[in-house]
Amino acid sequence: MKIEFTKMQGAGNDYIYVNTLIYPLPNPEELAVAWSRPHTGIGSDGLVLIGSSGKADFSMRIFNADGSEAKMCGNASRCIGKYVYEYGLTRKTEVTLDTLSGIKTLRLHVEDGKVDAVTVDMGIPAEIHPVDLGEGYPYREGIAVSMGNPHLVIFVDDMEQVDLPRVGPVLEHHPLFPDRVNVEFAQVLAPGRVRMRVWERGSGITMACGTGACATAVASAYTHRCPGESDIIMDGGTLRIRWAGEGTRLFMTGPAEKVFDGVITV
């Protein structure tokens, strides 16, 4: 069977997108692993399925490069907004998306018929608290944040000194997080400007992470480093995060780009 797909990226976080309204995939976990491989597959951070929903305009399912299913991805949600508008699935510029972490609202910024940016209502951040990682770990303190998926934000003075390939998998599997955790390292460059690198659970080092950028902005405000609005600068690009404080909704704005369309046989 031939499957049409679209490779898209948001701030360098790249996924394979399939419209399951046309191409239902019975084994997305296996396909995510095979297709995400950079040399023998398409190459990506994972597989995203766009489908129908009885509660929202569309649904989103995300499978990481290791086949595990994620609850939410901010970069992928923005790309879905661009996909459904530019491929004619909707004419709305405000779209609701059914995810495993709840209904998300996407506001599409359209210019000359193209979506160049998307603002996502990411909901209310939860479970924000300091954590002590204990002795024997490369870092002792961090801030835990839930954006519908778990994050651990660690502030550093010099990002260049972070050995991400070494410490990322160790912290991802920390016993404080039985379901594993996304790990963000953050360096405050100036008021409202934070440099971030990420180790995503199930994918490893990625160019960006939308929910990770949100968690970093929350942790920056929670620790009084950068309250209010922040630019989170990642390897793949920058996201603007707006959050008024505990108990309020968080809004993420950033780019969404199509890389290419393709057909693959399964």
Side-chain angles (χ1 to χ4, degrees), residues 6 8 10-11 13 15-22 24-25 28-29 32 45-64 68-110 115-128 144-151 179 181-182 200-202 208-218 229 232 239-256:
T6 299
M8 304 184 77
N13 200 191
Y15 288 95
I16 301 157
Y17 293 78
V18 174
N19 180 358
T20 61
L21 299 172
I22 301 174
L25 299 181
E29 298 88 350
D45 293 325
L47 171 64
V48 177
L49 308 184
I50 305 168
S52 60
S53 169
K55 301 181 290 185
D57 294 316
F58 300 95
S59 67
M60 172 174 73
R61 293 185 70 190
I62 313 153
F63 295 89
N64 295 314
S68 61
E69 185 166 9
K71 287 187 175 181
M72 178 57 189
C73 175
N75 290 320
S77 64
R78 294 199 316 278
C79 288
I80 284 184
K82 181 180 179 72
Y83 184 104
V84 297
Y85 187 88
E86 294 188 4
Y87 283 81
L89 276 66
T90 185
R91 287 292 91 193
K92 295 181 179 181
T93 56
E94 188 168 291
V95 177
T96 53
L97 189 61
D98 187 2
T99 77
L100 289 181
S101 62
I103 305 295
K104 307 300 178 184
T105 300
L106 319 178
R107 184 163 62 87
L108 314 183
H109 303 273
V110 180
V115 177
D116 61 358
V118 178
T119 296
V120 184
D121 179 349
M122 297 291 289
I124 300 175
E127 301 173 31
I128 310 164
V145 181
S146 174
M147 291 301 309
N149 55 358
H151 292 269
D179 295 325
V181 69
N182 300 285
E200 288 198 58
R201 62 172 182 171
C209 175
T211 55
C214 295
T216 297
V218 168
E229 197 162 328
I232 308 299
L239 299 179
R240 171 62 59 90
I241 310 297
R242 179 162 49 91
W243 186 56
E246 289 192 66
T248 66
R249 306 185 77 82
L250 181 147
F251 297 88
M252 172 192 65
T253 300

Quick check: closest heavy atoms across [X] and [Y], and the distance to 0.1 Å?
X: Val95; Y: Phe58; value: CG1-CD1, 3.8 Å
X: Ser101; Y: Gly148; value: CB-CA, 3.6 Å
X: Met147; Y: Cys214; value: CE-CB, 3.8 Å
X: Thr248; Y: Pro125; value: O-CD, 3.5 Å
X: Asp179; Y: Arg201; value: O-NH1, 2.8 Å
X: Ala11; Y: Leu239; value: CB-CD2, 4.4 Å

Quick one: side chain to side chain contact (heavy atoms under 4.5 Å, CB included) partners of [X], sequence neighbours excluded?
X: Ala56; result: Ser53, Thr96, Asp98, Ile103
X: Cys79; result: Met8, Tyr17, Ala256
X: Glu29; result: Phe63

Item to complete: Go through the steps to decide whether Leu250 and Ile241 satisfy the test side-chain contact (heavy atoms from CB on, under 4.5 Å), and finish with yes or no.
Response: CA-CA 7 Å; Leu250 181 147; Ile241 310 297; 3.7 Å; yes
From [atom1] ([X]) to [atom2] ([Y]), nearest 0.5 Å:
X: Met122; Y: Thr105; atom1: CE; atom2: OG1; value: 11.5 Å
X: Thr20; Y: Met60; atom1: OG1; atom2: CE; value: 12.5 Å
X: Thr99; Y: Ile62; atom1: OG1; atom2: CD1; value: 7.0 Å
X: Glu200; Y: Asp45; atom1: CD; atom2: CG; value: 6.5 Å
X: Lys82; Y: Thr6; atom1: NZ; atom2: OG1; value: 11.0 Å
X: Thr216; Y: Ile232; atom1: OG1; atom2: CD1; value: 5.5 Å

Discussion item. Holding to side-chain hydrogen bond (donor to acceptor under 3.5 Å, both in side chains), I want the full list of residues that pass it with Glu229, two or more places apart in sequence or in another chain.
Written reply: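 Counting only residues at least two positions away or on another chain, Glu229 forms a side-chain hydrogen bond (donor to acceptor under 3.5 Å, both in side chains) with Arg240.
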Discussion item. Which residues pass the side-chain hydrogen bond (donor to acceptor under 3.5 Å, both in side chains) test with Arg249, not counting sequence neighbours?
Written reply: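 Partners of Arg249 by the side-chain hydrogen bond (donor to acceptor under 3.5 Å, both in side chains) criterion, ordered by chain and then number, come out as Asp121.
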Worksheet item: Is the shortest heavy-atom distance from the side chain of Thr90 to the side chain of Asp57 under 4.5 Å?
Response: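 Thr90 vs Asp57: side chains apart.
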Item to complete: Run through Thr119, Asp116, Val118 and flag the one making a side-chain contact (heavy atoms from CB on, under 4.5 Å) with Leu108.
Response: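 By the side-chain contact (heavy atoms from CB on, under 4.5 Å) criterion, Leu108 pairs with just one of Thr119, Asp116, Val118: Val118.
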Show every donor-acceptor pair shorter than 3.5 Å between a side-chain atom in residues 69-78 and any protein atom, with sequence neighbours excluded, or say none if there are none.
{"from": "Glu69", "atom 1": "OE1", "to": "Arg61", "atom 2": "NH2", "distance (Å)": "3.0"}
{"from": "Glu69", "atom 1": "OE2", "to": "Arg61", "atom 2": "NE", "distance (Å)": "2.9"}
{"from": "Glu69", "atom 1": "OE2", "to": "Arg61", "atom 2": "NH2", "distance (Å)": "3.4"}
{"from": "Asn75", "atom 1": "OD1", "to": "Arg78", "atom 2": "NH1", "distance (Å)": "2.8"}
{"from": "Asn75", "atom 1": "OD1", "to": "Arg78", "atom 2": "NH2", "distance (Å)": "2.8"}
{"from": "Asn75", "atom 1": "ND2", "to": "Asn13", "atom 2": "OD1", "distance (Å)": "3.1"}
{"from": "Ser77", "atom 1": "OG", "to": "Cys73", "atom 2": "O", "distance (Å)": "3.4"}
{"from": "Ser77", "atom 1": "OG", "to": "Gly74", "atom 2": "O", "distance (Å)": "2.7"}
{"from": "Arg78", "atom 1": "NE", "to": "Gly254", "atom 2": "O", "distance (Å)": "3.3"}
{"from": "Arg78", "atom 1": "NE", "to": "Pro255", "atom 2": "O", "distance (Å)": "3.0"}
{"from": "Arg78", "atom 1": "NH2", "to": "Pro255", "atom 2": "O", "distance (Å)": "2.8"}

Worksheet item: Given Leu25 and Leu47, is the side-chain contact (heavy atoms from CB on, under 4.5 Å) satisfied, shown in steps?
Response: CA-CA 11 Å; Leu25 299 181; Leu47 171 64; 4.3 Å; yes
